[in-house]
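Written below as structure tokens is the structure these notes are about.
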Number of protein chains: 2
Amino acid sequence: MIFDDIDKRLLFYLQKDSKQTNKELSNKLNLSVTAVYERIKKLEKRGYVDKYVALINKEKVDKAFVAFCHIKLVKHSQDYVVSFEKEVNRLNEVLECYHISGDYDYLLKVLVKNMEAFREFMVKKLTTINHIGSTHSMFVINEVKHTTAINM
Amino acid sequence: MIFDDIDKRLLFYLQKDSKQTNKELSNKLNLSVTAVYERIKKLEKRGYVDKYVALINKEKVDKAFVAFCHIKLVKHSQDYVVSFEKEVNRLNEVLECYHISGDYDYLLKVLVKNMEAFREFMVKKLTTINHIGSTHSMFVINEVKHTTAINM
DNA sequence: AATATAATTAGAAAATAAATCTAATTAAAT
DNA sequence: ATTTAATTAGATTTATTTTCTAATTATATT
């Protein structure tokens with residue numbers, strides 16, 4: 001199977017705006033509507049597209065306070081890791097969690113209303129999770145760049 | 001204007017899958033198709049929805065190596081900050097860039113093919129940007145959680 | 001190079017969904 | 001209680017997606 005330049009350009013446009021009609025895309029790609037349609041279906045079927053989503057304005061829904069939390073576990077045994085990761089998945093303030101190299105074990109992206117809500121989150125939710133050794137939080141002063149679009 | 005529980009549930013569904021038809025949404029929300037349609041248009045108009053996008057599978061497009069880079073500037077004068085932020089916006093390996101509190105000034109999320117590509121990025125692109133004092137990179141071993149859906 | 005095979009594309013037709021309109025209902029304000 | 005505004009439902013129109021058939025293009029085989 002081939003994944004050519006037209007496919008790349010198609011994904012580029014869909015990553016910018018997935019609500020474009022196939023006709024609009026067909027103009028940009030110099031193809032017929034059917035050709036665009038078939039390519040999109042092919043890309044979806046082969047797993048290139050994870051999903052289509054609406055991206056919500058976090059200021060509008062009052063969740064504009066963003067923090068990154070480094071977390072160290074007390075031990076790195078299989079069961080500690082598994083249970084920590086399961087707990088983190090339950091916390092809906094945590095949008096992202098990465099197991100990373102370096103001084104800390106995990107990096108979390110946390111979204112809440114304000115500093116007070118963040119304190120609540122830390123005290124009542126995060127630090128009640130077992131096996132956490134230490135944490136280190138960094139607060140987002142300004143979002144300089146934020147895109148979901150992968151460049152191919 | 002009111003932003004009620006139905007709106008919240010509607011955004012919840014749209015954040016999961018924006019390709020659902022209004023009929024499917026109307027079933028989930030126990031509303032008519034028109035009511036769903038009007039609510040979506042209202043939310044869009046009032047700025048609740050930033051945009052609709054396709055989320056692409058990074059393994060499929062061979063950009064599965066993820067790194068977070070801490071960056072310190074040599075100075076924090078206005079012009080240094082402005083020019084750094086402008087440069088970062090140009091780099092398409094950088095999906096996200098945050099000005100943060102703490103030991104470092106910035107946190108970058110970088111997406112490339114592999115470690116070799118990351119090295120290339122650091123040497124040929126990132127560190128050629130002026131005003132960078134020091135950097136510290138963390139590599140993603142595993143993506144434990146990753147969602148774009150804000151919980152309201 | 002000629003032929004067969006598969007993949008991609010285009011255009012028309014059918015099916016489906018979005019958008020608009022009018023009227024009815026519900027909620028909020030006076 | 002009455003007016004006003006907002007929301008909703010159902011019907012209709014408009015637009016888009018999906019399917020179908022045929023033509024074209026690319027790839028593989030002899």
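Note on naming: letters A, B, ... go to the chains in the order of the sequence lines (proteins, then strands), and numbering restarts at 1 for each one. Since the structure is predicted, the reported quantities are computational estimates derived from the model, not experimental observations.
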### Task
Scan residues 60-75 of chain B for pairs that pass salt bridge (Lys or Arg N to Asp or Glu O under 4.0 Å), counting only residues two or more places apart or in two chains.
B:D62-B:K113
#### Entry: All side chain to side chain donor-acceptor pair (under 3.5 Å) counterparts of A:D5, not counting sequence neighbours
none
### Summary
Here the distance between atom P of C:dA19 and atom NZ of B:K42, to the nearest Å, is 17 Å
### Task
Could you list the residues that satisfy salt bridge (Lys or Arg N to Asp or Glu O under 4.0 Å) with B:E85, not counting sequence neighbours?
none
### Task
In whole angstrom, give the distance that lies between atom CD of A:E24 and atom C1' of C:dA18.
14 Å
### Query
Which whole-number value in Å describes the distance from B:L10 CG to D:dT7 C1'?
14 Å
### Whole angstrom value for the distance that separates C1' of C:dT8 from CG of A:N30
16 Å
### Task
Give the rounded distance in Å between these two atoms: CD1 of A:I6 and P of D:dA26.
10 Å
### Message
Please report the distance, rounded to the nearest Å, between CD1 in A:I40 and C1' in C:dT9.
### Response
15 Å
### Message
Output the rounded distance in Å from CG (B:L14) to P (C:dA18).
### Response
11 Å
### Qualifying residues under salt bridge (Lys or Arg N to Asp or Glu O under 4.0 Å), relative to B:K124, sequence neighbours excluded
B:E120
### Message
I'd like to check the side chain to side chain donor-acceptor pair (under 3.5 Å) partners of B:K41; sequence neighbours left out, ordered by chain and number.
### Response
B:E44
### Query
Are A:V66 and A:V61 connected, step by step, through hydrophobic side chains (Ile, Leu, Val, Met, Phe, Trp, Tyr) whose heavy atoms are closer than 4.5 Å?
yes
### Query
Can A:L25 and A:L14 be said to form a side chain to side chain contact (heavy atoms under 4.5 Å, CB included), step by step?
CA-CA 9 Å; A:L25 292 167; A:L14 291 175; 3.9 Å; yes
### Task
Tell me who clusters with B:I141, hydrophobic residues only, linked when side chains sit under 4.5 Å apart either directly or through other members.
none
### Summary
Using a 4.5 Å side-chain heavy-atom cut-off and chaining through intermediate ILVMFWY residues, the residues clustered with A:V81 come out as A:F65, A:I71, A:L73, A:F84, A:V88, A:L91, A:V94, A:Y106, A:L108, A:V110, A:V112, A:M115, A:F118, A:F121, A:M122, A:L126, A:I129, A:I132, A:F139, B:V144
### Message
Could you work out how much the helix from C:dA1-D:dT30 to C:dT30-D:dA1 bends, comparing the axis of its first five pairs with that of its last five, to 10°?
### Response
40°
### Summary
In B/S/- notation (B base, S sugar-phosphate only, - none; protein heavy atoms under 4.0 Å), nucleotides 13-20 of chain D written 5' to 3' is ---SSSBB
### Task
Round to the nearest Å and state the distance from A:K45 atom NZ to C:dA7 atom P.
12 Å
